[in-house]
Amino acid sequence: MIEKARKIWLNGEFVEWGEARVHVLTHTLHYGLGVFEGIRAYKTQKGTAVFRLDEHIKRLINSAKIVNLKIPFTYDELMEATLETVRINGLEECYIRPLVYVDYGEIGLYPLNNPVGVAIAAWSWGAYLGEEGLKNGIKAKISSFTRNPVNVAMTKAKVCGSYVNSQLAKMEAIDTGYDEAILLDAEGYVSEGSGECIFLVRNGILKTTPLTSILEGITRNSVMDIAKHLWYKVTEERFSRDELYIADEVFFAGTAAEITPIVNIDGRTIGNGKRGPVTTKIQEAFFDIVRGKVKEFEGWLFYV
Ligand code: PPE
């Protein structure tokens, strides 16, 4: 269950958590055309800070542009509303979910005669794949579901409807005893997790999927910068599932999932079956940065 907070920002004003409602004939609820973000805020010595807020709001605006939705608020208004949502709820650390949706009006597949609504909610949300998963790693399954191909769904937009694909993969993984799914693209190469980007480590070099057919992950981008900061080499290259099997280390990177080690894929032990040394270094640096302990990366923090 979501851990309730106090208020939700809905179309320009704050409403009580329980009053943030929409009609059952809300267009997005039927056809899935909506876009959203997932953002985290962390506690630092100087107070709560939202991690890379500017990048998330820019991606939200770009997602809306890709699917042709006109957000009735500016970049500055969305930035301020997000910070205010964290502030007004008094949350020290939280997950933030902005949503742009096609509101009540007409029904049928042409959405553009309906108003566009925007909501921003924030609540406490712990480790996405469990505290235990962060420390000791999780078990992943290569999904039997192919990732949305690039000209079927828009992979650079965080579109609500695209997540049916993620949910099919996630259900299959959980229901067969795994923790998370890894999806392959239409050509059979590794793409991403149901809601995370993926990295492998071999001989001390990190490798991640190129951006061609995946969401432009902000955590992925952070990991690449962190890795370079720690003098690791990082490459963006396509790779196949068997390269994951023989990697020294594999991990997921995402806002919700943060940096989660993967220690088993399809029943094969990855490396020594424990969180590896490179993953550990990247993870530690990541948590230090989001909590404001690394000067060089202060620019990623937006204090509330
Ligand atoms: N790929 C997908 C498909 C994805 O949904 C996410 C985020 C990422 C990669 C990583 O992107 P970033 O958060 O910018 O590093 N998934 C969001 C939704 C998760 C959910 O369960 O809901 C998130 O992590 O907030």
Side-chain angles (χ1 to χ4, degrees), residues 1-3 32 34-42 50-63 66 82 93-101 119-130 133-134 138 140 143 145-150 152-171 173-174 179-185 190-199 208-227 236 250-260 262 282-283 286-287 289-290 300:
M1 261 297 232
I2 300 177
E3 197 178 318
V35 297
F36 66 99
E37 266 308 315
I39 313 172
R40 275 189 191 268
Y42 294 90
V50 180
F51 186 63
R52 303 195 75 178
L53 176 59
D54 56 340
E55 296 295 332
H56 284 282
I57 297 299
K58 277 184 211 152
R59 190 172 65 185
L60 182 71
I61 291 169
N62 280 337
S63 291
I66 289 170
T82 308
E93 297 213 339
C94 61
Y95 184 80
I96 308 162
R97 169 56 54 82
L99 171 71
V100 175
Y101 59 98
I120 306 172
W123 65 89
S124 300
W125 199 8
Y128 187 64
L129 296 163
L134 275 186
I138 59 149
S143 187
F145 295 97
T146 299
R147 191 70 183 144
N148 295 318
V150 286
V152 172
M154 301 289 102
T155 54
K156 292 207 171 12
K158 222 170 150 55
V159 181
C160 301
S162 300
Y163 284 81
V164 170
N165 179 245
S166 292
Q167 291 173 81
L168 289 169
K170 183 91 182 192
M171 288 187 280
I174 300 287
D179 304 302
E180 183 55 289
I182 298 167
L183 292 99
L184 305 180
D185 67 21
V190 173
S191 67
E192 56 189 337
S194 72
E196 310 89 353
C197 293
I198 191 165
F199 283 82
T208 192
T209 329
L211 288 175
T212 331
S213 62
I214 61 164
L215 187 74
E216 294 184 338
I218 292 165
T219 318
R220 171 188 180 280
N221 179 269
S222 307
V223 167
M224 290 177 62
D225 281 2
I226 293 168
E236 293 169 272
V250 181
F251 62 88
F252 279 133
T255 299
E258 299 164 313
I259 311 293
T260 302
I262 304 171
I282 300 273
Q283 198 188 43
F286 175 80
F287 283 118
I289 289 166
V290 299
W300 283 350

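Since the structure is predicted, the reported quantities are computational estimates derived from the model, not experimental observations. We count ligands from 1, going down the list as the structure has it; atoms in each ligand are counted the same way.
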>> Looking at Ala121, is its backbone amide N or carbonyl O close enough to the side chain of Arg97 to form a donor-acceptor pair, meaning the two atoms are under 3.5 Å apart?
In response: no
> For Lys170, which residues count as a salt bridge (charged side-chain N to carboxylate O under 4.0 Å, His left out) partner, sequence neighbours excluded?
Replying inline: Glu180
>> List the residues meeting salt bridge (charged side-chain N to carboxylate O under 4.0 Å, His left out) with Glu236, not counting sequence neighbours, and say none if there are none.
In response: Arg220
> Taking all non-hydrogen atoms of both residues, which atom of Gly254 and which atom of Thr219 are closest, and how far apart?
Replying inline: C-OG1, 3.1 Å
>> Can you tell me how far apart OG1 (Thr208) and CZ (Phe199) are? Round to the nearest 0.5 Å.
In response: 4.0 Å
> Considering residues at least two apart in sequence or located in another chain, which fulfil the side chain to side chain contact (heavy atoms under 4.5 Å, CB included) criterion with Glu93?
Replying inline: Tyr42, Lys43, Arg291
Enumerate the pairs of nitrogen or oxygen atoms, one from ligand 1 and one from the protein, separated by less than 3.5 angstrom; state names and distance to 0.1 Å.
unit_1: ligand 1; atom_1: 1 (N); unit_2: Glu192; atom_2: OE1; d: 2.6
unit_1: ligand 1; atom_1: 5 (O); unit_2: Lys158; atom_2: NZ; d: 3.0
unit_1: ligand 1; atom_1: 5 (O); unit_2: Tyr163; atom_2: OH; d: 2.5
unit_1: ligand 1; atom_1: 13 (O); unit_2: Thr255; atom_2: N; d: 3.0
unit_1: ligand 1; atom_1: 13 (O); unit_2: Thr255; atom_2: OG1; d: 2.5
unit_1: ligand 1; atom_1: 14 (O); unit_2: Arg59; atom_2: NH1; d: 2.7
unit_1: ligand 1; atom_1: 14 (O); unit_2: Arg59; atom_2: NH2; d: 3.0
unit_1: ligand 1; atom_1: 14 (O); unit_2: Ile218; atom_2: N; d: 2.7
unit_1: ligand 1; atom_1: 15 (O); unit_2: Ile218; atom_2: N; d: 3.3
unit_1: ligand 1; atom_1: 15 (O); unit_2: Thr219; atom_2: N; d: 2.8
unit_1: ligand 1; atom_1: 15 (O); unit_2: Thr219; atom_2: OG1; d: 2.5
unit_1: ligand 1; atom_1: 16 (N); unit_2: Lys158; atom_2: NZ; d: 3.1
unit_1: ligand 1; atom_1: 16 (N); unit_2: Gly195; atom_2: O; d: 3.2
unit_1: ligand 1; atom_1: 21 (O); unit_2: Tyr128; atom_2: OH; d: 2.4
unit_1: ligand 1; atom_1: 22 (O); unit_2: Arg97; atom_2: NH2; d: 3.0
unit_1: ligand 1; atom_1: 24 (O); unit_2: Thr255; atom_2: N; d: 3.4
unit_1: ligand 1; atom_1: 24 (O); unit_2: Ala256; atom_2: N; d: 2.8
unit_1: ligand 1; atom_1: 25 (O); unit_2: Tyr95; atom_2: OH; d: 2.5

